[in-house]
Trainee: 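Got a structure for you, written out below as structure tokens; questions coming shortly.
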Amino acid sequence: MADLSINFAGIKAPNPFWLASAPPTDKAYNVVRAFEAGWGGVVWKTLGEDPPAVNVSSRYSAHYGKNREVLGFNNIELITDRTLEINLREITQVKKDWPDRAMIVSLMYPCEEAAWRSILPLVEATGADGIELNFGCPHGMPERGMGAAVGQVPEYVEKITRWCKQYSSLPVIVKLTPNITDIRQPARAAKNGGADAVSLINTINSITSIDLDRMVARPIVGGRSTHGGYCGSAVKPIALNMVAEIARDPATQDLPISGIGGISNWRDAAEFIALGAGSVQVCTAAMLHGFRIVEEMKDGLSRWMDEKGYARIDDFCGKAIANTTDWKYLDMNYQAIAQIDQDKCIGCGKCYIACEDTSHQSIHQLIQDDGGRKYQINEAECVGCNLCEITCPVAGCITMLAQETGKPYMNWTQDPRNPRAELAGQN
């Protein structure tokens, strides 16, 4: 059976599945139950200065799909609302009782050297394995000069990271905000400051819905609302892209990454790992389904690794990075066309409607003698956009087949149709 144990930036854990800093990790009761369920580690909910933060009611809202499936989750909860003394005491005891699990402590303090210098020895004394610097919280804390207000300024990221490396011997993980134009800039700053790793993404600024009767966004607090942090499966594509940007950036490609954002099952985790994540953090899925989801995650990942011949996480960590590039380096001569498996086709016509109304009019609708409909690809007009494959409700009914063009690889920097081909080729 595959070995799921990891050594992430010097932090050992029996598996790569960690609970992210959030309500599920805000007290010993939760964390112990998580460890009993099989989680490999936790990032303790963010600690801050006393007196502790004060939260509002309500705090959560959601973006729903069919049958009230939660696609995206929004929260306006702040960092821990428990005292520093209680948190430190509980962290110490839990780590003592569970020495084999990764215990990371999330921190958020003002951009003042004295504040960081004072808290770091207290955290180190708990026996924790590492610290995570919360530079991503997008609500409540930025108004106080913390959270995303720091993560959006690379100079602040580098400065605080450097303080933490100066005043603590623990591995330092910098948690990055996605609410920024170029995720590579704060990642580079974190590395320049001496960070041992980065974690991403934190939540995205969002308003999930409006109560049209009361004319106020959700969650509603006394008749008013505000933007919150968006997470859940809906943010996974954004998170994967940002992880890939850091993993393939020459300036940060050797920086360990803890992947966060919409991880709900083992396959999600495998995708993050394939793009360079050495550990993965989960929050929303646990909040919606409970701690025991980790059982399926571990079992599914282990079975898949056995099937593919991967003995350890490191065997496939980052394997997808080499195949991820900029658009300008894609093969302009590659061609694929759609093919419909008539034995699987149910005649719903979704592919035809999508192609006819919004794409390239490359699917023929044929009326049969019995009144039934048959759909065929017009290969001469098909550009291989794969919209039909996406809209088809039957898995494997429509596939994209690579065509033999007889043409060599040619990217956009080399393409004579590019009016700036020579210039592009030099950049």
Trainee: Please indicate whether K350 has more than 12 foreign heavy atoms, meaning atoms of other residues, nucleotides or ligands, lying under 6.0 Å from its NZ.
Mentor: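 Not buried by this count: 12 neighbours or fewer within 6.0 Å.
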Trainee: Using modelled atom types and a 3.5 Å cut-off, is there a donor and acceptor pairing between side-chain atoms of D196 and backbone atoms of I173?
Mentor: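 Checked: no pair found.
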Trainee: For a quick test of reading the model, state the closest non-hydrogen atom pair linking L19 to A286 and the distance between them.
Mentor: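 Smallest interatomic distance, heavy atoms only, reads CD2-CB, 3.9 Å.
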Trainee: Got a salt bridge between E245 and R248, using NZ or NE/NH1/NH2 to carboxylate O under 4.0 Å?
Mentor: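 Counted as a salt bridge, because a side-chain N and a carboxylate O are separated by less than 4.0 Å.
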Trainee: Would the distance check show the side chain of S168 and the main-chain N or O of K165 forming a donor-acceptor pair, the cut-off being under 3.5 Å?
Mentor: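 Checked: no pair found.
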Trainee: Please check if atom CZ in R267 has more than 12 non-hydrogen atoms from other residues, nucleotides or ligands closer than 6.0 Å.
Mentor: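 No, because the 6.0 Å sphere around CZ of R267 holds 12 heavy atoms or fewer from other groups.
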Trainee: Between D81 and A53, is there a donor-acceptor pair closer than 3.5 Å when you use the side chain of the first and the backbone of the second?
Mentor: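 Between the backbone of A53 and the side chain of D81 there is no qualifying donor-acceptor contact (under 3.5 Å).
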Trainee: Please check this pair: side chain of Q361 against backbone of S359, looking for a donor-acceptor N/O pair closer than 3.5 Å.
Mentor: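 Here the side-chain-to-backbone pair exists.
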Trainee: Any chance the side chains of S199 and S258 put a donor and an acceptor closer than 3.5 Å?
Mentor: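 No donor-acceptor contact under 3.5 Å links the two side chains.
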Trainee: What is the minimum heavy-atom distance between S264 and S233, and which atoms define it?
Mentor: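 Taking every non-hydrogen atom into account, OG-CB, 4.3 Å.
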Trainee: Is the ring centre of W412 less than 6.0 Å from the ring centre of Y329?
Mentor: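 Ring centres of Y329 and W412 not closer than 6.0 Å.
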Trainee: Could you tell me whether the side chain of S206 and the main chain of T208 form a donor-acceptor pair under 3.5 Å?
Mentor: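 No; zero donor-acceptor contacts below 3.5 Å.
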Trainee: One pair to check against side-chain contact (heavy atoms from CB on, under 4.5 Å): V105 and L170. What are the steps and the verdict?
Mentor: CA-CA 10 Å; V105 178; L170 294 176; over 6 Å; no
Trainee: Could you go through N87 and T80, starting from their C-alpha distance and side-chain angles, then the distance that decides it, and tell me whether this counts as side-chain hydrogen bond (donor to acceptor under 3.5 Å, both in side chains)?
Mentor: CA-CA 9 Å; N87 277 300; T80 182; 3.2 Å; yes
Trainee: Flag the pair E90 / R82 as yes when at least one side-chain heavy-atom distance between them is below 4.5 Å, and no otherwise.
Mentor: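 In contact.
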Trainee: With rounding to the nearest 0.5 Å, note down the distance linking OG in S5 to CG in N15.
Mentor: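 Taking OG in S5 and CG in N15, the distance rounds to 9.0 Å.
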Trainee: Say you draw a straight line from NE2 of H364 to OH of Y352; how long is it, rounded to the nearest 0.5 Å?
Mentor: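 Taking NE2 in H364 and OH in Y352, the distance rounds to 10.0 Å.
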Trainee: Please examine the side chains of L84 and I119, heavy atoms only from C-beta on, and report whether any two atoms are closer than 4.5 Å.
Mentor: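 A side-chain contact exists here, since the closest heavy-atom pair is under 4.5 Å.
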Trainee: When rounded to the nearest 0.5 angstrom, what is the spacing between CG in L176 and CG in N179?
Mentor: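 Taking CG in L176 and CG in N179, the distance rounds to 11.5 Å.
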Trainee: Decide yes or no on side-chain contact (heavy atoms from CB on, under 4.5 Å) for W18 and F8, but give the supporting numbers first.
Mentor: CA-CA 11 Å; W18 297 356; F8 178 81; 3.7 Å; yes
Trainee: May I ask you to check whether F73 and Y60 place their ring centres under 6.0 Å from each other?
Mentor: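 Between Y60 and F73, the centre distance is under 6.0 Å.
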Trainee: Do T161 side-chain atoms and A190 backbone N/O form a donor-acceptor pair below 3.5 Å?
Mentor: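 Not confirmed, T161 side chain does not pair with A190 backbone.
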Trainee: Has N134 got a side-chain atom pairing as donor or acceptor with G136's backbone, closer than 3.5 angstrom?
Mentor: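 Yes, because the side chain of N134 sits within donor-acceptor range (under 3.5 Å) of the backbone of G136.
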Trainee: How close do I321 and G276 get, counting heavy atoms only, and between which atoms?
Mentor: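 Smallest interatomic distance, heavy atoms only, reads CD1-CA, 4.0 Å.
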Trainee: Go through the steps to decide whether V243 and I260 satisfy the test side-chain contact (heavy atoms from CB on, under 4.5 Å), and finish with yes or no.
Mentor: CA-CA 9 Å; V243 165; I260 314 170; over 6 Å; no
Trainee: Less than 4.5 Å apart, side chain to side chain, heavy atoms only: is that true for V56 and I76?
Mentor: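 With C-beta onward as the side chain, the pair touches.
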Trainee: So, taking the atom named CG in N418 and the one named CE in M332, what distance separates them when rounded to the nearest 0.5 Å?
Mentor: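 That separation rounds to 8.5 Å.
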Trainee: Does the ring centre of F316 sit less than 6.0 Å away from the ring centre of W304?
Mentor: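 Ring centroids of W304 and F316 are less than 6.0 Å from each other.
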Trainee: Any non-hydrogen side-chain atom of I263 less than 4.5 Å from a side-chain atom of Q281?
Mentor: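 I263 does not reach Q281 side chain to side chain.
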Trainee: Hey, is D326 close enough to K328 for a salt bridge, meaning N to O under 4.0 Å?
Mentor: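 No.
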Trainee: Please find the pair of heavy atoms, one from L133 and one from I131, that lie closest to each other, and give the distance.
Mentor: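 Between these two residues, the closest heavy atoms are CD2-CD1, 4.0 Å.
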Trainee: With a 4.5 Å heavy-atom cut-off, do H139 and N75 have their side chains touching?
Mentor: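 In contact.
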Trainee: To the closest 0.5 Å, what do you measure between CH2 (W163) and CD (E112)?
Mentor: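 Rounded to the nearest 0.5 Å, the CH2-CD separation comes to 8.0 Å.
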Trainee: Are any of the side-chain nitrogens in K12 or D129 under 4.0 Å away from the carboxylate oxygens of its partner?
Mentor: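 No, this pair does not count.
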Trainee: Which atoms form the tightest heavy-atom contact between Y375 and I340, and what is the distance?
Mentor: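 Closest approach of Y375 to I340, heavy atoms only: O-CD1, 3.5 Å.
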Trainee: Checking S209 against R218: is there a side-chain donor and acceptor pair closer than 3.5 Å?
Mentor: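 Yes, side-chain donor-acceptor contact under 3.5 Å.
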Trainee: Compare all side-chain heavy atoms of K298 with those of L4 and state whether any distance is below 4.5 angstrom.
Mentor: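 Yes, side chains in contact.
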Trainee: Would you please say whether a donor-acceptor pair under 3.5 Å links the side chains of Q339 and E389?
Mentor: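 There is no such pair (donor and acceptor under 3.5 Å, judged by atom type) between the side chains of Q339 and E389.
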Trainee: Can you find a heavy atom in the side chain of W44 that is under 4.5 Å from one in the side chain of M103?
Mentor: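 They are in side-chain contact.
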Trainee: Donor-acceptor pairs under 3.5 angstrom involving side-chain atoms of residues 29-43: please list them, not counting sequence neighbours.
Mentor:
from	atom 1	to	atom 2	distance (Å)
N30	ND2	P23	O	3.2
N30	ND2	D26	OD1	3.4
W39	NE1	F291	O	2.9

Trainee: For the residue pair P110 and R144, establish whether any side-chain heavy-atom pair is separated by less than 4.5 Å.
Mentor: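 P110 vs R144: side chains apart.
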Trainee: Treating N74 as the side-chain partner and G229 as the backbone partner, does any N or O pair qualify as donor plus acceptor under 3.5 Å?
Mentor: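 Here the side-chain-to-backbone pair exists.
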Trainee: Could you measure the distance from the CD1 atom of I257 to the OG atom of S279? Nearest 0.5 Å is fine.
Mentor: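 Here the interatomic distance stands at 10.0 Å.
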Trainee: Please lay out, stage by stage, how F135 and I160 fare under the test side-chain contact (heavy atoms from CB on, under 4.5 Å).
Mentor: CA-CA 10 Å; F135 294 159; I160 298 177; 3.6 Å; yes
Trainee: Mark yes or no for whether K159, through its side chain, and C111, through its backbone, hold a donor-acceptor pair below 3.5 Å.
Mentor: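 The answer is no, because no donor-acceptor pair under 3.5 Å joins these two groups.
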Trainee: Using a strict threshold of under 4.0 Å (side-chain N to carboxylate O), is an ion pair present between E77 and K45?
Mentor: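 Yes, this pair counts.
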Trainee: Keeping the roles fixed (side chain from D299, backbone from S302), state whether a donor-acceptor pair exists under 3.5 Å.
Mentor: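 Absent.
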Trainee: I need the single residue from Q185, R188, K191 that forms a side-chain hydrogen bond (donor to acceptor under 3.5 Å, both in side chains) with D249. Which is it?
Mentor: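 When Q185, R188, K191 are each tested with D249, the side-chain hydrogen bond (donor to acceptor under 3.5 Å, both in side chains) holds only for R188.
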Trainee: Between T177 and Q152, does the side-chain hydrogen bond (donor to acceptor under 3.5 Å, both in side chains) criterion hold? Intermediate values first, please.
Mentor: CA-CA 7 Å; T177 176; Q152 292 166 342; 4.8 Å; no
Trainee: Mind listing the closest non-hydrogen atom pair of L120 and C164 along with its distance?
Mentor: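 Result for this residue pair: CD1-CA, 3.6 Å.
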Trainee: Are K308 and D315 within salt-bridge range, i.e. N to O under 4.0 Å?
Mentor: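 No, this pair does not count.
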Trainee: Assess, by modelled atom type and distance only, whether the side chains of Y167 and E113 contain a donor and an acceptor separated by less than 3.5 Å.
Mentor: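 A pair is found: one side chain offers a donor N or O, the other an acceptor, under 3.5 Å apart.
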